[in-house]
Amino acid sequence: TELDRIRNFSIVAHIDHGKSTLADRLIQLTGTVAQRDMKEQILDSMDIERERGITIKANTVRIDYPAKDGKTYVLNLIDTPGHVDFAYEVSRSMRAVEGSLLVVDASQGVEAQTLANVYQAIDAGHEIVPVLNKIDLPAAEPERVKEQIEDVIGLDAHDAVLISAKSGLGIPEVLEAIVTRLPAPKGDRNAPLKAMLVDSWYDPYLGVVVMIRVMDGVIRKGDRIKMMQTGAIYGVDKLAVLKPQMVDIEELGPGEIGIWTGSIKQVRDTRVGDTITTEKKGCETPLPGFKPAQPVVFCGLFPVDANDFEDLRDAIEKLQLNDASFSSEMETSAALGFGFRCGFLGLLHLEVIRDRLEREYDLDLITTAPSVVYKIFLRDGTMQELHNPADMPDLTHVDHIEEPRIKATIMVPDEYLGDVLKLCQDRRGVQLNLTYAGNRAMVEYDLPLNEVVFDFYDRLKSITKGYASFDYQLTGYAEDYLVKMSILVNDEPVDALSMMVHRDRAEMRGRAMVEKLKDLIPRHMFKIPIQAAIGGRVIARETLSAMRKDVTAKCYGGDATRKRKLLDKQKAGKKKMRQFGKVEIPQAAFISALKMD
Ligand code: GTP
């Protein structure tokens, strides 16, 4: 395809502003997918994505569009995830395209993720077409939102395209704007092959599938290809474009986006951001590199039933084939037995992976307290990274501890601002900036990541009735007074519940934990002390009193089926319990105990 007939673009938007619906309409209106095959959110292929309505992995579709000028254009849409945890995937797919549609819900206006994503597009040098969606809603205020886009983002929005992705209104205008307002890609067909590895995933039939964007030169079926970072050589067995199903193609030239396969065994062998060239007469300099996604949140995953350990190992390996950003390492816990210490890009990533393990692989799991990566500086001058509070070295060896900090951007209607500031303050935040756009405030905070990983987002949503939006980026490490808090149940430490906390907040967290555990742990035949401690010092304590004998008396006599039902329930519940010394703790306790109110 000639360069001037190609347009490559992505859609950036805040969650729920209608990115997927717009993509569906573009695909539909151009007849890319036959009407009978059309289903909602066609680009979100994973079940979980569909159910939760969030986009996780970047997906791509090639659309043939006959424009008003009489020529047919090839439009490549790279769909990007909207959530903060996947910011890295956004940035890499941005570099593969020249333009973006900025979708803003005309009834909501600019939100935190609109900003985060649009800045990535600006950084990638994109031409940007603002699109105001949901103008069918009575609450839509396109003129006000145009102003806001100009004030807050600094983009010219006077000729924003007004659409309703739901009804289809304005979609032809979007297609024309893509052709007339976004730039064509540049590239030299006669130069040596230079292509960017945009994404890769594992397909059970094809093996590793690699998505590329060709910058210069041509890639053909049968070529011998070199990955410049690793030096690995592969043949091109299959070359295809995504419409969105694979359609084989003989060659891909400059500006084009497609996939190839070549008996690559592991997703790990394909580094996103790597430059691909031909084995012979290849290009000399690679494209500027990307930094790989680093896991920032760690937690332990243990099977409820120790016999499921091998199944868990298999399931984790399978998921890793498709997700190189999810790391794991075997871990043993005194209380929980054998499991894995896993690393994630953020909390949502953690939840998605845990969900998939439980649902797709039918596993019952115990998740330990999520922890960020601390830097422990020892007296002997060395530094070690701490992924698991259980591995905290003896305090006498520790000089100081540093923790990761973030810059958080929160957008919120005026009336909730006070509560938001209080929440950030309570979480050890330092205010950096506060500005207004209309009656919405935009506030920036420097916060410890540790205070955000548990339930910050949930709390923020609940105190603002869902009106706040939130986004963050890691900024670096800083020293603070951090300690390891242990939880003891019946005098036995439960390592899965130990966590790193700020010294000033330890009593509060400790008290909240033991109070919760007291409600969550069922009574036993004996008294159970529940304690929070720092080192040897107890900072909070509750006692769960013993069960009174006559409580069980109710179980005798009465309706037999009811009794059986109760017994079945008990059995099912039992499966979700873990034995700690003489005490049984339900799985739900681990999760609930870690949520703060
Ligand atoms: P993520 O995939 O989570 O990033 O969300 P998204 O931006 O793709 O949003 P999505 O397309 O899933 O739309 C979110 C909700 O808004 C859905 O319930 C849509 O039906 C609705 N919606 C999308 N476009 C319109 C529109 O033009 N008008 C109205 N009234 N609702 C719309």
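If you read the sequence from its start, that first residue is 1, and numbering goes on from there.
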No-hydrogen, no-angle side-chain donor-acceptor test under 3.5 Å, [X] and [Y]:
X: Asn133; Y: Asp105; answer: no
X: His14; Y: Asp16; answer: no
X: Glu111; Y: Tyr467; answer: no

May I ask you to say whether [X] pairs ionically with [Y], meaning some side-chain N is under 4.0 Å from a carboxylate O?
X: Glu141; Y: Lys146; result: no
X: Lys71; Y: Glu2; result: no
X: Glu360; Y: Lys318; result: no
X: Lys243; Y: Asp64; result: yes
X: Lys166; Y: Asp136; result: no
X: Arg144; Y: Glu147; result: no

Side-chain touch [X]/[Y], heavy atoms, less than 4.5 angstrom:
X: Leu22; Y: Val103; result: yes
X: Ser328; Y: Arg341; result: no
X: Leu193; Y: Asp216; result: no
X: Phe470; Y: Thr409; result: no
X: Ile212; Y: Val198; result: no
X: Phe340; Y: Ile316; result: yes
X: Ser100; Y: Met94; result: yes
X: Met227; Y: Tyr234; result: yes

Taking the side chain from [X] and the backbone from [Y], do they hold a donor-acceptor pair closer than 3.5 Å?
X: Thr278; Y: Lys280; answer: yes
X: Thr114; Y: Ala13; answer: no
X: Lys221; Y: Val236; answer: no
X: Glu98; Y: His126; answer: no
X: Ser200; Y: Val210; answer: no
X: Asp274; Y: Leu197; answer: no
X: Asp188; Y: Asn190; answer: yes
X: Glu358; Y: Leu365; answer: yes
X: Glu444; Y: Asn433; answer: no
X: Thr21; Y: Ala165; answer: no

For a quick test of reading the model, state the closest non-hydrogen atom pair linking [X] to [Y] and the distance between them.
X: Ile135; Y: Ser164; result: CG1-N, 4.2 Å
X: Met442; Y: Leu115; result: SD-CD1, 3.4 Å
X: Pro192; Y: Gly282; result: CB-C, 3.7 Å
X: Ala140; Y: Lys134; result: CB-O, 3.6 Å
X: Ser107; Y: Leu137; result: OG-CD1, 3.6 Å
X: Tyr65; Y: Leu175; result: CZ-CB, 3.6 Å

Atom CD of Glu251 with >12 non-hydrogen neighbours under 6.0 angstrom: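 It does: Glu251 CD has more than 12 such atoms within range.
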
Asp69 atom CG: more than 12 heavy-atom contacts under 6.0 Å: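 Atom CG in Asp69 is crowded, with more than 12 foreign heavy atoms closer than 6.0 Å.
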
CA sep, side-chain torsions, deciding dist, call: Leu206, Met246, side-chain contact (heavy atoms from CB on, under 4.5 Å): CA-CA 11 Å; Leu206 298 170; Met246 287 180 197; 3.6 Å; yes

side-chain contact (heavy atoms from CB on, under 4.5 Å) between Val74 and Ile63, intermediate numbers included: CA-CA 6 Å; Val74 168; Ile63 296 168; over 6 Å; no

is_close_aromatic(Tyr472, Tyr445), centroid dist under 6.0 Å: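 They do not qualify: ring centres at least 6.0 Å apart.
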
Spatial distance of atom [atom1] ([X]) from atom [atom2] ([Y]) [nearest 0.5 Å]:
X: Leu132; Y: Leu162; atom1: CG; atom2: CG; result: 5.5 Å
X: Ile153; Y: Tyr119; atom1: CD1; atom2: OH; result: 6.5 Å
X: Glu317; Y: Leu312; atom1: CD; atom2: CG; result: 10.0 Å
X: Leu75; Y: Ile6; atom1: CG; atom2: CD1; result: 10.5 Å
X: Thr72; Y: Arg5; atom1: OG1; atom2: CZ; result: 7.5 Å
X: Ile171; Y: Leu26; atom1: CD1; atom2: CG; result: 6.0 Å

Parallel, tilted or perpendicular: ring planes of Phe344 versus Phe326, cut at 30 and 60 degrees: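 Parallel, since the angle between the ring planes stays under 30°.
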
CA sep, side-chain torsions, deciding dist, call: Leu239, Asp248, side-chain contact (heavy atoms from CB on, under 4.5 Å): CA-CA 6 Å; Leu239 195 62; Asp248 284 349; over 6 Å; no

Result of checking Arg189, Arg62, Arg213 against Glu256 for salt bridge (Lys or Arg N to Asp or Glu O under 4.0 Å):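 Output: one option passes, namely Arg62.
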
Arg7 and Tyr73: CA distance, side-chain angles, deciding distance, side-chain contact (heavy atoms from CB on, under 4.5 Å) verdict: CA-CA 7 Å; Arg7 296 292 182 274; Tyr73 290 80; 3.9 Å; yes

Residues in salt bridge (charged side-chain N to carboxylate O under 4.0 Å, His left out) contact with Lys186, at least two apart in sequence or another chain: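 Result, salt bridge (charged side-chain N to carboxylate O under 4.0 Å, His left out) vs Lys186: none returned.
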
